[in-house]
Amino acid sequence: MKRLITFAFSLCTFVVFFAGRTMDEGMWLLDSINKLPIAEMKKHGLELTPEQIYSTTGTSVKDAIVILPGGTGTYVSADGLILTNHHIAFAGIQALSSVQDDYLKNGFLAKNREGELSTGYTAQRVVAMKDVTDEVLAGVSDTMSVDIRVDAIRTKSRQVEKDAKGATDFTCTVSEMFNGVKYYLFTYEQLSDVRLVYAPPSAIGNFGGEVDNWQWPRHTGDFAFLRAYVGPDGKAAKYSKENVPYRPKVFLPFSIQGYKEGSLAMIMGFPGRTYRYREAASVQLARDETLPTFIDLFKTRMDIIDNAGKRNREVEIKYATKVRRIANAYKNYLGTLEGMGRSDLLRLKRSEEAKFMEYINSTPDRSARYGSVLPDLEKAATELRTFNKKNILLTNIFALDILVLANRFKSYIDSPPKDSLGNMLDPTEKERGPVRAAIASTFKDCDLRVEKETLMALMLKSSDFPVDQQSTTFREIIGNTTGEDRERRVREFVDDLYEDTKLATPASCEKLLMKDAGAIKKDEFMKFAAKLNAEQAVLQVKSAKFNSLVGQLRRKFLEAWLGWKHNDLIYPDANRTLRVTYGEIKPLHPRDAVNLSLETTLAGVLEKETGEDPFFVPARLKELWKKKDFGRYADPKVNDIPIAFISDLDITGGNSGSSVINGKGEIIGCAFDGNWEGVVGDYVFQDEYNRTISVDARYILFVLDKFSGAENIVKELVIH
């Protein structure tokens, strides 16, 4: 059991928002395992018991799964080796890369433990989870004001976390479910020494790039390997040469036996955010304003970075992680908008809410308690429209590196050291150390030309907003100018700003750091940041008020919704807590007369080759294919190496890097994407469209073994 744990499922019938039934929908909390149709799942290949999937008393599949920054990973060896996506390891790879050591382009292989490189990542495993709703809501009532109720729940949650942690080294977190109808305590083991072991070159790990992102068919080897380390005493520890590989309670084996259409599959991981219970008013705001505004601003930022990167590989490396994150969100939002239209989502929401209100109004008590919830949510959405676009703009503005650094200086001068009597002291090197680290980090991944072009572009975007949603700071600078005069004024302001500030170079930052608080505040960029911070502070108050109000309204909405659906098995929206999802390997028929196979092969990689990024194919990969030197990893049905496959597993962002498991507890793939037609799945699951795209385990092993010669890693794995 320690090494071979598995899972896989199929065919559950339940309703979330619509009257139609779906086959494999749901990101389920693990304590729902016994409520799922296990007998039906066994017909489709499940061989594990619920206890082997999730146990509260012993080891189970759960113990092989870890949360990583931005995604999920799986322990795959007795020495803490972790399988995840290349794009999840990407930030760590980028931080380690330079023009001289270009691990993004060329890949990375540690031939031994000494060669593994620290990433700065953490890996967390769920030790336990528990429903603590009664504890958190003890003494809380609807007669409390919104603010008092929120504070009471926050205070009680912190106490529950503190009591659970006790004297252990665990991290304990209370997470709300169903917008606060329920609360769960998650206890985590957190490891802070995670090292890079293997990454394929970008021509494999990011083959197809943004052109193929969110598309099927795919031919991307989106995988990487990390390793977790602990101190010599076996306890979590920061990076040290003396640390030793972590010994996981459970790790999962690989399968090279393949799959067939209808084969059972399952994923356990940490999905980010879904909005399937969002009210129609919120969906309409997202469709009409929020998503289009983000799309426009993301495109602006992305184009500036791309153009700069094409001229300079050093700049391209610096911004590789940032631009990939922006581009991914950009394309996701585009697909979500298209999916909202294709599914007629708003009409479906309105229709379902009308039925819901019939239930609410069927009794005087329900009508009195819940009758105003939907109108109140509609009113709140109208209020959000008065500052929504400005809030989105400032969110993008505050992503600028020099602005982030300015606010790091602000924190430094706002929290001066004091003696025991409260008298202010001169800063010591200890207080300056974190600021110096921020300076070094900023300029490692920052180019001033990109920063300036981005700031200018966003200032100009602000002036196109309705007057009441424009940045007042920018409006003071731009005035009533238009056209070329406006662009010239913005450019002159930004040029002067960066010329006059001490935050433009590491050396001048160091000089500024040695000055007193008054002198730091007088820096031109610090004064500019102060004005933007003042604007943001006003919006933060509005946003906090909105979030508190809407949070309570959505809680009441979900409370009533669960009462309406009390005979149905319902899962909460994803919120980055551990979930399990099940389904089957399944092809896709997205449009009339379009039938897409469930598997792609290495032949397809060669068919897509252009000789240029993102469709460059390494010579070694072409040689292996031409010689049919596939080792033991070929699919006998097609006499080729399988690259990727699709299934109807229900996942979202955060699940990236999750292992796809067959009915025997073996890894058959690593999930890395969804298809264009299913991008709207964060709002509505559609069985005919939603697909999870995963890199095939056989391609992972083939690349390791035949392409990279990573025998040390292959020998460490259990392969069936």
Side-chain angles (χ1 to χ4, degrees), residues 83 85-87 89-90 93 97 99 101-111 196-213 215-225 254 256 258 309-310 313 316-317 320 324 596-646 668-670 672-673 693-715 717 719:
L83 170 67
N85 285 152
H86 180 268
H87 82 259
F90 193 86
I93 302 168
S97 293
V99 174
D101 294 314
D102 197 341
Y103 301 135
L104 288 176
K105 180 180 179 180
N106 302 322
F108 174 82
L109 168 62
K111 282 291 190 179
L196 179 64
V197 178
Y198 176 84
S202 59
I204 290 176
N206 193 32
F207 183 80
E210 290 307 316
V211 177
D212 276 3
N213 193 17
Q215 301 290 335
W216 179 256
R218 289 293 291 276
H219 299 81
T220 312
D222 195 349
F223 74 94
F225 286 90
F254 282 79
I256 56 174
K310 288 175 183 177
R313 176 58 179 164
E316 188 177 18
I317 291 173
R324 188 164 186 178
L596 299 178
S597 172
L598 57 81
E599 180 183 77
T600 60
T601 65
L602 191 52
V605 174
L606 277 297
E607 289 172 353
K608 283 185 174 180
E609 182 186 16
T610 65
E612 297 179 354
D613 183 64
F615 295 107
F616 173 78
V617 180
R620 173 64 177 160
L621 198 60
K622 288 191 283 188
E623 179 186 359
L624 289 168
W625 186 80
K626 289 177 181 178
K627 292 182 177 180
K628 305 297 181 186
D629 187 3
F630 299 149
R632 52 178 173 160
Y633 309 114
D635 183 337
K637 299 190 299 293
V638 294
N639 191 31
D640 204 345
I641 295 294
I643 301 293
F645 63 90
I646 52 175
I668 58 173
C670 186
F672 68 91
D673 206 0
I693 303 174
S694 307
V695 57
D696 196 295
R698 290 166 290 183
Y699 188 45
I700 294 173
L701 297 170
F702 168 77
V703 171
L704 280 176
D705 188 354
K706 306 297 290 186
F707 177 83
S708 295
E711 295 179 1
N712 56 313
I713 298 177
V714 175
K715 289 179 180 178
L717 305 173
I719 302 172

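Nearest heavy atoms, G209 versus P614: N-CB, 3.6 Å. Across all non-hydrogen atoms, the minimal contact from N639 to F630 is O-CE1, 3.4 Å.
Counting non-hydrogen atoms of other residues, nucleotides and ligands closer than 6.0 Å to NZ of K105 gives a total of 12 or fewer.
Put simply, the side chain of D696 does not reach to within 4.5 Å of the side chain of I643, judged on heavy atoms. Side chains of H86 and V695 form no contact here, defined as non-hydrogen atoms less than 4.5 Å apart. You'll find the side chain of I713 reaches within 4.5 Å of the side chain of L109, heavy atoms only. A heavy-atom distance below 4.5 Å is not found between the side chains of I93 and F108. Annotation: side chain of L701 is in contact with side chain of L717 (closest heavy-atom distance under 4.5 Å). Side-chain contact between V703 and F223 is present, with at least one heavy-atom pair separated by less than 4.5 Å. Side chains of D673 and W216 form no contact here, defined as non-hydrogen atoms less than 4.5 Å apart. Within the 4.5 Å cutoff, the side chain of F207 has no heavy atoms near those of the F616 side chain.
Checked by atom type and distance alone, the side chain of N712 pairs as donor or acceptor with a backbone atom of K111 at under 3.5 Å. Listed for the D222 side chain is a donor-acceptor partner under 3.5 Å among the backbone atoms of H87.
Classification of E316 and R313 as a salt-bridged pair holds, one side-chain N sitting under 4.0 Å from a carboxylate O.
The distance from atom CG of N106 to atom OG of S202, rounded to the nearest 0.5 Å, is 8.0 Å. Annotation: the span from K706 atom NZ to L621 atom CG amounts to 12.5 Å, rounded to 0.5 Å. The distance from the OG1 atom of T600 to the CZ atom of F645 is 10.0 Å, given to the nearest 0.5 Å. Of the inter-residue distances, the one linking L606 atom CG with K626 atom NZ reads 7.5 Å to the nearest 0.5 angstrom. To the nearest 0.5 angstrom, K608 atom NZ is 7.0 Å from T220 atom OG1. Atoms CD1 and CG, on I641 and L624 in that order, are 9.0 Å from each other to the nearest 0.5 Å.
For A320, the side-chain contact (heavy atoms from CB on, under 4.5 Å) partners are F90, Q94, L104, not counting sequence neighbours.
Taking the six-membered ring where tryptophan is involved, the planes of F702 and Y699 are essentially parallel, since the angle between them stays under 30° and well short of 60°.
Both tests pass for K628 against the ring of W625: distance under 6.0 Å to the centre and angle within 45° of the axis.
Under the salt bridge (Lys or Arg N to Asp or Glu O under 4.0 Å) criterion, the residue pairs touching residues 632-646 are D635-K637, D635-R698, with sequence neighbours excluded. Judged as a salt bridge (Lys or Arg N to Asp or Glu O under 4.0 Å), not a single pair has a partner in residues 199-211 (not counting sequence neighbours).
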Give the intermediate values and the outcome of side chain to side chain contact (heavy atoms under 4.5 Å, CB included) for residues K622 and E609. CA-CA 10 Å; K622 288 191 283 188; E609 182 186 16; 2.9 Å; yes
If you apply the rule side chain to side chain contact (heavy atoms under 4.5 Å, CB included), what do you find for R218 with N213, and how did you get there? CA-CA 8 Å; R218 289 293 291 276; N213 193 17; 4.2 Å; yes
Dump the intermediate steps for side chain to side chain contact (heavy atoms under 4.5 Å, CB included) on C670 and N85, then the final yes or no. CA-CA 7 Å; C670 186; N85 285 152; 3.4 Å; yes
